[in-house]
Every structure is written in structure tokens, then in C-alpha cells.
Undergrad: 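Sharing a structure, written as C-alpha cells. Questions coming.
A note on names: the letters A, B, ... follow the listed sequences, proteins ahead of strands, and every chain is numbered from 1. All values derive from a computational prediction rather than experimental measurement.
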Protein chains: 2
Amino acid sequence: MIEREVKRPPEFVYPIDEWKMIETGFYRDLVPQAETMFAIGNGYLGMRGNFEEGRPVHQSGTFVNGFHETWQIEYGERAYGFAKTGQTMLNVPDGKILKLYVDDEPLYLPTANLLEYRRTLDMQAGVLDRRVLWETPSGKEVLVESRRLVSFQHRDVAAIEYRVTVLNATAPVVISSQLVRTGRNAASDFDPRKSRGFAETPLIQQRGECADQRILLGYKTRNSGMTLACGADHTIETECPYLVATECSEDMGKVVFTVNAQEGEPITIHKYLAYHTSRGVPVDELVDRSERSLDRTLRDGFDQLVAGQRAYLDDFWARSGVEVESDPEVMGRPSGELQQAIRWNLLQILQAVGRAEGVGVPAKGLTGQAYEGHYFWDTEIYVLPFLTYTTPRIAENLLRFRHSMLDKARERAAELHQKGALFPWRTINGEEASAYYAAGTAQYHLNADIMYALKKYVDVTGDTDLLDTAGVEMLVETARMWADLGFFSERLDGRFSIHAVTGPDEYTTVVDDNLYTNSMARLNLRYAVSSVNWLRENLPDRYRALVHRTGLQDDEVTEWERVADAMYLPYDEAKGIHLQDADFLEHPVWDFENTPIEHYPLLLNYPPAGTSPARRRPV
Amino acid sequence: MIEREVKRPPEFVYPIDEWKMIETGFYRDLVPQAETMFAIGNGYLGMRGNFEEGRPVHQSGTFVNGFHETWQIEYGERAYGFAKTGQTMLNVPDGKILKLYVDDEPLYLPTANLLEYRRTLDMQAGVLDRRVLWETPSGKEVLVESRRLVSFQHRDVAAIEYRVTVLNATAPVVISSQLVRTGRNAASDFDPRKSRGFAETPLIQQRGECADQRILLGYKTRNSGMTLACGADHTIETECPYLVATECSEDMGKVVFTVNAQEGEPITIHKYLAYHTSRGVPVDELVDRSERSLDRTLRDGFDQLVAGQRAYLDDFWARSGVEVESDPEVMGRPSGELQQAIRWNLLQILQAVGRAEGVGVPAKGLTGQAYEGHYFWDTEIYVLPFLTYTTPRIAENLLRFRHSMLDKARERAAELHQKGALFPWRTINGEEASAYYAAGTAQYHLNADIMYALKKYVDVTGDTDLLDTAGVEMLVETARMWADLGFFSERLDGRFSIHAVTGPDEYTTVVDDNLYTNSMARLNLRYAVSSVNWLRENLPDRYRALVHRTGLQDDEVTEWERVADAMYLPYDEAKGIHLQDADFLEHPVWDFENTPIEHYPLLLNYPPAGTSPARRRPV
């Protein structure tokens, strides 16, 4: 393996702090990365770390988990069983924007003379602060302080405090606060990890109105039929004289504060935002809800939002925090960095799932559009164990969410002529959205990943109610799929073999007897057997309900036991190791020595592995 | 394997005749099949067996080999190395149409009272005849006799003789002869074997004019930039009084003959058609060529075309005919059927390749749009051996055509980070057009298929001139690809192994050590070694030219020898058989017993094999 530079955020910009992520200067080239580092969210609503000024921007992002558009997947050459409908999480109207003009000069960080600059994500408080001291071309010193939060207490609500003080002069100050439908989704034609662009906007405006300092917008998506309403309201506090003008044009609303700023006199604006979405509720009803959210938030005020945020996070850290007892300088990395990194990562999980009720966990949380906002196996394998130990209520919600998609999984299995249910490799709405069979649908292991998370949840919490109802129903359908997918191989002395699946190594697709898949299938089958047996013996009413729902036959359970016991786990006697798949050691080793640095990432520079590549030596 | 009904054309409609394909009645449901059975062509220009009346029609087809539109292939999820540009053979303007009206009643076969109906493809004469005796609703008996040919002598030319005689009355007769751009390509959204539809017409009109009885149309394609001109001219012979009106509207021209038909007095129209296409020549120049083709054909007349056709075919049958000495009734099939079937098949080959100069052989010849008019391995493996033995000049042309695409094959290999050249799995213009990697590009065997055909051509004809120039250059580049694609496997005691390719079994894609591929690669390598060595020793000038063109190094040839000698051919000692691929016997056998009849063809009802399917038992 050749040494490759890891692109760390440079330390002189991002000093170590155990409870904070701090950015001490503005650097144009760090904008993309910082947008993710300073993203905030609550699992329902997410905002990338974009600047209030709207520019410079790498990718403007405001997302509501599960709010998506659908589109027909096009294939140059289609084949049976390929997913038909793509799903893409959409950018919702951007409420982060507050544009500032002093003497009609806009604040634009790349060219501004910044006497001070500091951005801070306070992980204890759950707020994102920024302090900028700007010297305008005419020598006026303007202090801009802002604080942003996406509320954990009120999941539909976000808020911004924005304070401008001209320190050494008077000046005409204009603050234009906007709620604006951004243009296109950030998209890539080529990189499959990125998101889809749309030729026409997928958001069709239904409502758009302004009154006083309030903006309300309503939309319906073009294809998926989802509805969205969002609103913004404002207060201003200042001793300086000011005017307010509010206007709506197509797809945007703005409230413009024109202030005669006095020397040293702060101008404080509070901006409250509300976002409501639905799969079926009419837009008008969502607009009403947004109005109610804004009314309530205005009554409570900004400080109460901040206090509620802190209380929620205190509870989270008490429950889930990890204290690093010894975090000295190691391998050239500074003391305290590990603690900071762990906290930041835990906060990311919380920001991705805290209020993700009735939805899943997008691959990138709500920090960006990569992977289209889809739910993958990450939820069950990486996120759920943590939640099971720290916040089992959310873990349970996520498992119930999968259960709500069981009928779609049954339909998908039937389409592929498989028994039982097959959960989709990537989805928002329960349908398979992977447009690349080999690294998508072929990852059958997803079925077992969910059952693994279920088992862990039940084992750890002792809560069998979920298992006895939704859980066991999923176990029956997933076990059926496994027993049907493989076969007892004569060549392997009757062991149970599963061919043509893709394991977690997506560079080696469509293999036979993938170790991970077979092991997990065995766990899935055995857990189905024990759970069904336990239910039959201990809760006969629930067992009868299960049989009613699934048509379960006694001999199926016996068969699953037989399949699990015979499961083939490839093993190389000579080397004494388990193999990733039956043929893993047959392939040549990738020639990293001779892979030029500009050919990374391999995925964008070599044909899809398994569907050929990683198996082959590069030039 | 379950018994399945073969859909043979019914014998009471298609009686056996050793030299003719005969249709003795009109049956609406046989129209699609008959359009293919009665298709005529010369390898450059092809016409489906559509009726002169234009309706009923399953798929209207007039094709010029290689005349295609390009389009960007869309992928739901793209990956490196996927083909970018699709290529689709287009329908060119339809000149087959001669609409007949008697007493203003159109001849429409499905509802007409047909006293006689007979369609005959005369395989000795190379003409398609039809004789229809139509009783109009008012009791007039109208004899319609037509003869159609696509000239082998003049490849740009087709002609129709159309004769109408009202046998028992006088009647106003109108014959509207058209040259018309048909609408869309026959297309399928789902079936990958079919062709692509276009939302907008890919043919942009440049010229369109009529004079006397002549029509001229000119087009340029929207994306590929190819040009096309076509024209029609007419003569009429009759004792009956008549008028002629000629008109052009957008995308069509027509010449309308209005005749006061006298009892028993024939009206004979000769329609001459010319088609010229190019990749670069301006439309105006092609229109001029079409005019010259029409002028010449008019001068010569229809009978001379018929005579020339017969002479060409006499020569073909003398050279290539197969006489079945004993063809008795066997297995319930009638005597003579085998002879008829063999002749028809040989004629199909001729119609697909006879004048295919500078182009390849589309998978369906020029009988339809399935497979987009692409050139596959069929050319080299199925068609070229026949031609090598019977018409080596055409075989040589086809091999030279592949050589003309060698630079594109070099580019394709470089794109995939492979040495040498990789010929595309399906193409018209030399670029890979397969939108499905696993069953397309992964069929690397195409390289060896071409070299196999080259070897056969040289062995049979003794013509080494092709080999010493174009041939050896292709051998060097294809051998390079093979040596680079595989590796010496430690696990196989140093044998040379080729992984992740697809062999001819497209239901089992992306396998390791496919027997066909490895055997053919070995042949390719050995033929490269012997040819290069022979050239070096016997034709040093040509050898130096080869080194100049390819940068060939001596040690490369040694390496190819080593690779060929070590080539791994999977073999099962216990069963004593060669295996289709290294893992072939590991997989379960497809459960044909339990595959419902409505699940055929499997390809449209199961996920793509290898990329999963055939490897797995169906439900």
C-alpha cells in the first residue's frame, strides 16, 4: 500500500478544543470541508455550514429527512429486476440567508478585510456561532455576530440570531433576510456517490406570501407528490432607527431591514424558521402548521430555544458521552484531539437521528446530498448498536420504520421470484433505488443486517415486545428469503451455499459464498428459529397472529434450522484463514505499487470491480 | 428441459418449395413474421417484407447498413469504463409504398375480398413477387401484380414493378407512389434486444423536391452528422388514359397516377429507388449521386435489373449452394423442407453481406432494427467461415473493416487501462456501444474471435497479403491485451488465468477462466507469435513497418508464447470434462421443471444471470 496524504483540516485553523469545533480564520479552499464540519441538524431538519451571506458556497444545503423526489431510472440497456424508480432527497428552501450591506458594500468574506474571524460549533450547547470583525473599504469596523441552531426540542424549527454593530462610525446598514428556493441539486453526471440533478425544478410552488415580517412558502413535488411548507418570521431589537420592507417574488420571500446604524449600537435580528413536510397532507394544511410553529416560537423567544437545546444535549452527553481519560500527544497528534473527534462524531450521530421519527438515517445524515439521502445498511450496522446502548427509544423507532416497509420488501422479493421479503439496498420510500444491480440489489446481506440489529436491540434492552410483534414477522420473511436464495451443494458435501451475491466489499461484486453474507444469513435464520419457537411456546396468541400474517408452516422452521446448520463458511486450511468469498484467494492482488496517484479513487478510474476490476491488476 | 412449442410458419400457408418461399394466403397474425421472411436486401440496402399498401404493418423497415444516429447513454448509476455513446441504425425513408384505390376504395388486405393471394420470394431470381386478385365491394375484379428487388449489381438501387388490371369492368384507378420518412424507430423500453426510440426525429431534412415523376429527399442526422439522400423515379405504361401529379410536402414526396382503367387493360408502373449515405459527404452531393443512379437505372430499365439480379444469384448459388441429396419426410417434417430452409438461410447471409462494403454485418442483417443494427461477434464466428470458403473477397473486406476500427479499439483498451487493443462488443462506428457492462464489454473474447476468423481466412485462402499487413498489426495489439488481462496464478501452479470476463453464455456473466475465452485467447496469442516470427524471418521490410506502427519489442513475443503455453483450461478430473468456467460445476442447476412457461424468455423474467440469475434456482 502506498503512503497517501490524508487531508486533515489544518491545525492552525482548527485548534483542539474538547467541547468545541473552532475555525479561527477564513480560507477559501476550506469552504467545502467546513460546510460539512459545521453542519447542524436534528435528524429531521438539517443545515449545511453555509455562511449567512449566501456566498461563497460549495453546496448550499437545507434538508428534511425523507423529503424526496422520484424519477424514472434510465438504463442504456435494462434488465429484469433492475430498480425502476430513483429517489433523491431534495434541497428545501434556504432560510439561512441574511445578506449584509454597509454603505451599500456587501460583506463578502473572500475579499473582506477581516480583523477577526471565528466560527464555533459548541457541542455542549448545540449551537453554531460566528464572530466576524470586518473593516469596510471606508475604514468602518463592523462586528457581525451570529448564532444558529436547529432545535432538538421542536424538530420543525430552526433559528438564527444575527447581530451587527458598527463600532467606530455611523453607517447605513441593510440586512436582507431571505427564504429562497435554491436552484438545482448539487449533482454529478459521473460520480455515483453524488446526487442527481434535475432539468426542471422538482418543487412546484403552491403558496407564496408575505405579511409583516413573515414569509410563507408551499410546494408540491413534481413526481413523488410530497408536500412541503416553510416559513420564516423575524424580530428586530435596536436603538437605531430602521425601516422594514417585506416582499415575495416567485420562489422566494425576503424581509429587508434598513437601519441607520449608530456607533457602537447593536442591531439584533432573530430569524425563526419552520419546515413541515408530508407524503399526503395538503400544502395549505402544512402552511397552517408552519404558522403555528412560528407563532409558538416567537412567543417563546430565542433564549428559550437555546436553553432547551442545552437541556437536550446535557441529557444526551450524560447518557451517551465518552470521556477519554488519557488523551496525550501520540504519533504527532495533539493532546485532546481524540476527545474532540469522538465528541464530534457522537454529535454527528445525534444530528442524524435525534428526531428522525418515522424515517431512516441517510448515509450522510442531513449534512449533504451525497448518496441521495438514501438509507443503507449503515443504519443497522453502524448506528443502531450505539443507539441501542444509549437511546433505545430511537433504535426501536428505526426498527419499526424498517417494519413499516416490510410489504414493499415482500413485493421486491416476489418481483425477483424469491420467497419472503428482500429489503432494498438503498431507499427512502421502501422501494429499491439502486440503479446498479451488482453493487446494489445483489447486496442481499441487508436482510440479515436488520435482523442483526434487531437481535442486538432485544438482547441489550430485554424489550421483547418489539420482537414478539414486528420483529418476528420480519424474521420469518427474511429467513424465507435466505432459505430460498441458496442451495445444498453436492460439491460441498451438502453444505448450504449462496451464490451470486455482493458482500460489503463493493469492489468485488457478485461472488459465491461471501463469508459475511453467509455468516449473517446463518445468524438471521437461527434467530428466526429461536424466536418463532419461543413465541409458539410462550405466547400462543401472538404466534397465531404471526401465522395469520405470514402463513408460516411448521416445516419451514425445521428447514431454516437445517439450512443454518449446513451454512458454508469458506475457509482455507493451508493458510488457516476464513476467505472473503469462495474464490477470494484465486484472484491476483491489486498492484498498488504501480497504481498512479492520479488514478485514485479507483472507483472513478477503473471499470467496476467484480463486474471486473479490482480482481485485475492495473497497468 | 421442458417441451416447448416451436412457432413454425403453418404449412398450409407456406408450402414447401425448394427454390421459393411462398405465402399462399393473407393472415393478419402472420404479418410480423412474414415481414422478416420476405425481407430483401443486398448487404447495403435492406427492405422488410412490408406491403406496398403501407398497411397493415408490424414494423416498417428500410435500412442502409451503417447509417446510424448516436445518443448519450444514460445510466441510473454510471461507472468508469461504461460505454458513453449509443448507436442506432435508423429507418430511412420508405420507398416501398404504392397505395391503390379503385373507385376510391383503398386496397386493404385485412378487409378486402381476396379471390387470389400469393407472395413468392424467388431465391433463384432474387425477386419478391406478389399476385393479388381483389374483388372490390362493387364486384370489380382487380388483379394486382408486383415485383420488388434490391439490386445486387447496383447496391444503391431498388426497384418495384407494379401492375394493376381491372379484369371485368372499367374503373377509376389511383396509384399513389410515395417516398416517405416513416415516423419513429420501432422501439422497446424494456427488451434489451430491441431498438431505441427517439423522442425527436433524428433525421433533419435538408432537401425535398419533386419534378416530373421524380422525388428527391436529403437529410442529415441530428447527432452523428451522417448524411443521406434518396430518390424515386417512375415510368408508366398503359393503354388507358391517365394523369400524373407530383407533390412534395415535409418529409415526403408522392407521384400520383390517376387512370381511367379499361377492362382487361394493364397499368404498369416501374418505380426506381436510390439511396446514398455518407459519414461526411454533403447532402447536396449525395442528392446528385442519387440523380445519377436514377438516370442510369431509368435508361437500363427494369428487365435489365432483373436479368442482372439473376446473373448475380446464379453465380452465388453455383459458388455457395448446398444441394441436399436426400431430403425425405423425417420426424413429421415434409420432404424438401430442409433444402428450402438451407437455401433461405444462405440467401439471408448473402442479403446481409453481399454488398456490405466498408461496413460490418448487423446482427439481424438488414431485416429489422433489433440489436440496433450493431456488429457483434456473429460476423467473425458464424458468417465469416462461410464466406471464407465461398466468397473470400467479402470475408477479406470484413476483416479489413475491423482493421479500420483498430485505432478505436486501441483507445478503448487505453481507457480501460489495458495494453493493446480491445474491440467493442457491439458497435457500428468502432466505439463500444454496449450499455450493459457484464454482457457487453466483459465479453473480451471478441478480440480472439476476430483473430480466429483471420486465421481461418488465411489458412483456407492462402492469401497472406492481408495477414502480413493489417492482420499482423491486429494480432500484435490483441495479443498484448490478452497477456495484460490475465496473470500467472500461484494457486494454479503458475498457470495463466483470466478473471472476470464473460464468455458466450450471457446468462453467466463475469466469470473466471471461461473455457471458450481462454482457449480462444491461446489461439490468438499463438497465431500472433507465429505470424510475427514468420514476418521477421521472411519479410523484413514489412516487419520493420510493423515495429514502426506498433512499437513491438522482441520480449513481448516471448512473453506471449509463455502465456499461451501456460494458459489454464479448467477441467474436472472426476467427470472427465472441460468446464465452462472455473466455478461452473459449483452452481446449482436451473430448475427448468418448475419454471413456468410464462417466465420465458428467462432474460425478461429473471434478474440478469451471472449478475445473479441463471446461477440460482428459480422458485
Side-chain angles (χ1 to χ4, degrees), chain A residues 73-83 86 189-192 416-419 433-442 484-489 491-492 497 499-501 509-510 512-513 582-583 585-588 599 602-613 615-619, chain B residues 73-83 86 189-192 416-419 433-442 484-489 491-492 497 499-501 509-510 512-513 582-583 585-588 599 602-613 615-619:
Chain A
I73 303 176
E74 294 205 37
Y75 297 95
E77 196 170 323
R78 192 183 293 265
Y80 185 87
F82 280 10
D189 249 10
F190 183 74
D191 188 339
L416 299 176
H417 307 302
Q418 297 288 344
K419 292 178 184 160
S434 168
Y436 183 44
Y437 186 94
T441 296
D484 185 50
L485 186 68
F487 65 104
F488 292 98
S489 167
R491 308 269 297 183
L492 295 170
S497 189
H499 283 196
V501 301
T509 58
V510 191
D512 298 337
D513 291 315
D583 295 325
L585 285 183
E586 307 302 322
H587 307 305
H599 282 190
L602 300 179
L603 136 113
L604 300 187
N605 290 282
Y606 291 91
T611 324
S612 112
R615 305 206 198 168
R616 207 178 277 146
R617 297 166 309 168
V619 186
Chain B
I73 302 177
E74 294 205 37
Y75 296 94
E77 196 170 322
R78 192 183 294 265
Y80 185 85
F82 280 8
D189 250 10
F190 182 75
D191 187 340
L416 299 177
H417 307 301
Q418 298 287 344
K419 292 178 184 159
S434 168
Y436 183 44
Y437 186 92
T441 296
D484 184 51
L485 186 67
F487 65 106
F488 292 98
S489 167
R491 308 271 296 182
L492 294 171
S497 188
H499 283 196
V501 301
T509 58
V510 191
D512 298 336
D513 290 314
D583 294 326
L585 285 183
E586 308 302 322
H587 307 304
H599 283 189
L602 300 178
L603 133 114
L604 299 186
N605 289 282
Y606 290 91
T611 326
S612 112
R615 305 207 197 170
R616 207 177 279 146
R617 296 166 311 168
V619 185

Undergrad: Please report the shortest heavy-atom distance between His417(B) and Asn605(A), naming the atom on each side.
TA: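 Residues His417(B) and Asn605(A), closest heavy atoms: NE2-O, 2.5 Å.
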Undergrad: Name all residues meeting the side chain to side chain donor-acceptor pair (under 3.5 Å) criterion together with Ser434(B); count only those two or more places apart in sequence or in a different chain, and write none if there are none.
TA: none
Undergrad: Tell me the closest heavy-atom pair linking Pro588(A) and His499(B), and the distance in Å.
TA: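 Shortest heavy-atom separation between Pro588(A) and His499(B) comes out as CD-ND1, 4.1 Å.
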Undergrad: Heavy-atom distances under 4.5 Å only: say whether Asp583(B) touches chain A with side chain, backbone, both or neither.
TA: side chain
Undergrad: Could you label the plane-to-plane angle of the Phe82(A) and Tyr436(B) rings as parallel, tilted or perpendicular, counting under 30° as parallel and over 60° as perpendicular?
TA: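 Perpendicular, since the angle between the ring planes exceeds 60°.
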